2 protein chains.
Amino acid sequence: MKSILLNMRSLYNEMGPGERKIADRLIANPKAILPLSITEFATEIGCGDATVVRFAKRLGVGGYQGLKLAVAQEISTLSDENAQISKSDSCYDMFVKRIGEIKVALENTASVLDENSLEAAAKAIMHSKRIVIFGLGNSASIAVDAQHKFLRVGLNASACNDNHMQAIISSHLDEDCVAIGITHSGQSTDIVQALKIAKLNSATTICITNYGESPITKVSDICLFTKSAETKHSILAMSSRIAQLTIFDCLYTYIIANSDSKAIQAIHNTESALKDKKL
Amino acid sequence: MKSILLNMRSLYNEMGPGERKIADRLIANPKAILPLSITEFATEIGCGDATVVRFAKRLGVGGYQGLKLAVAQEISTLSDENAQISKSDSCYDMFVKRIGEIKVALENTASVLDENSLEAAAKAIMHSKRIVIFGLGNSASIAVDAQHKFLRVGLNASACNDNHMQAIISSHLDEDCVAIGITHSGQSTDIVQALKIAKLNSATTICITNYGESPITKVSDICLFTKSAETKHSILAMSSRIAQLTIFDCLYTYIIANSDSKAIQAIHNTESALKDKKL
DNA sequence: GAGAAAAACGAAAAATTTTTTCATTTTTTA
DNA sequence: TAAAAAATGAAAAAATTTTTCGTTTTTCTC
């Protein structure tokens, strides 16, 4: 089944201003529509009932009720019990609550992640001569993880967590290379700079960032969006990082699935190379 | 929010024959109701519209539309659980299926993770003079991530991904230190060796590993277990690694919540130190 | 086992909600 | 700048849901 929220994004360009307001609202707060009648919802948005119906038809869900049902199916029932982690929680309580946050973030990410962009990113990575992955601070470990994965499938990947080196590396890329920048906020100066340089040198640039316009999206050929609701204690944006990891994981899985036997062999070689490291 | 299907079962005894027929049908095939109007559904069941409405009210979902919405929300969570990733999947399909795996792994981990061990680990880490975190290969990035977190709360943490250095570092620990070893299989020779040395030097040893007895559990004072079902393509044990990350995340969160104002200040300092790195 | 009370039920009326129609406004194009 | 096209909302029309109320079925009491 296709995600209704994703569908909304891909049809966004065809919509008029009124329908876009509806799409914006639904993407921002999908579950708010559920208890409302079409007239209530239209009033809330500031448009007529007919526009809502047209919007629903465009998405191919029949009508207003179909829209509500589609949205309902997309929202996890867990998203409501968004229990806030509190000081008095036991460590285990925190674990359980964090699980809830992660689930929500992953599902939200599934709804904003663009199918075509994902496919394009996977193909660009597979066929590139060289892949460089930039992350700093929080995102550094994600970059390292991605490097690790790509190396396992025999790709020429390297992560770089040093802002000087990032700029240097970027300036030596060419059109057969891929540069991947990871920044949750989309505003990390150094990462944006590194991708900008990479783009100037005709490399394919890919960003992994939280949903929305930001400096990084402007210098990226392909944007892969995560979506996580930040809360007070998630300064580290844990759930968005999990979403980032999962994106890399599915790129990796896709590359394995679409590789020739040589690549599969490379994976097996890796496995056997590691065998004697175990007791 | 409570499960509507479970609620149906618990109210089953209070229902008359007509309503029970509705419950039976919904439990057997919940999604069949979604495209039907109340009259169509009632005809299908063989009862009147009013009975359907009464049934919905009993469940506390307002009316027929509320019933449909509640069912819709419930089937979404059940739908994509046991899907195996296949070669022909799109990259997006893979993402969605991977999400399902991760959810299961996190829930399983919640069930095997020992509350007391978690608490003990958090306390040991908080009060230690020095924390060293060992990971190799796959687990290296987890170790780096953990280091990053602990540094943010002002702890003296260092990750080490070099097996020689791990042994050297371990041999210089003492009873005020904590050594954390990460290995999914629990069999990584070097990690086990490093923890063994740490233990000999009276450091507190903590392992993060998949559920079950293994060499690493024998040399660990505290064992934190994850539990993930491995499948063919998850050579990289993606979901178990997410579980590992989540464990570290809740340790981190717990430490923040139970720190004095000095530690909180350390976090704020980190934040402001990073501010000018953004555009 | 009969009769009364209670509960369950459905047909149809009433109320609500959704959808369509169509005239108006806004935007685009030539 | 004017004509064409697109977008939109108010209101009418259609569809759907909910309530009412009388009938049927079940349960309980004697």
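We name chains A, B, ... by the order of the sequence lines, and we start the count at 1 in each one. Predicted model only: the values in this text are computed from it and were never measured.
Between A:Ser214 and A:Ser185, the closest heavy-atom pair is CB-O, 3.9 Å.
For the atom pair A:Asp145 CG and A:Leu245 CG, the distance stands at 5.0 Å (nearest 0.5 Å).
Between the P atom of D:dA15 and the CD atom of B:Gln65 lies a distance of 16 Å, rounded to the nearest Å. Atom pair B:Phe55:CZ and D:dT19:P shows a separation of 17 Å (rounding to whole Å applied). Distance CD1 (B:Ile38) to P (C:dA11): 13 Å, rounded to an integer number of Å. B:Lys68 places its NZ atom 12 Å from the C1' atom of C:dT18, with the value rounded to the nearest Å. Spacing between atom CZ of B:Phe41 and atom P of C:dG10 amounts to 13 Å, rounded to whole angstrom units. Look at CG on B:Asp49: it is 11 Å from P on C:dA12, rounded to the nearest Å. Computed from coordinates, the B:Glu14 CD to D:dT26 P distance equals 20 Å when rounded to whole Å. When the C1' atom of D:dG9 is taken as reference, atom CD of A:Glu19 falls 13 Å away, rounded to whole Å.
Using bins of under 30°, 30° to 60° and over 60° for the plane-to-plane angle, the ring pair B:Tyr64/B:Phe41 lands in the tilted bin.
Distances were taken from every side-chain heavy atom of A:Ser37 (C-beta onward) to each of C:dT18, D:dT20, D:dT17; the shortest belongs to C:dT18. For A:Thr51, taking side-chain heavy atoms from C-beta onward, the closest of the listed nucleotides C:dT18, C:dG10, D:dG9 is D:dG9. You'll find that the side chain of B:Ala50 is closest to D:dT20, out of D:dT20, C:dT19, D:dT8. Distances were taken from every side-chain heavy atom of A:Tyr64 (C-beta onward) to each of D:dT8, C:dT19, D:dT18; the shortest belongs to C:dT19.
Mapped onto DNA chain C by nearest heavy atom, A:Arg54 and A:Leu36 fall at different nucleotides, with A:Leu36 at the one closer to the 5' end. With DNA chain D read from its 5' end, the first of the two nearest nucleotides for B:Pro17 and B:Gly66 is the one closest to B:Gly66.
If you check every strand for non-hydrogen atoms under 4.0 Å, B:Gly46 touches sugar and phosphate atoms only.
No side-chain N or O of B:Tyr254 forms a donor-acceptor pair with one of A:Asp93 less than 3.5 Å apart.
A donor-acceptor pair under 3.5 Å links the side-chain atoms of B:Arg20 to the main chain of B:Met15, judged by distance alone.
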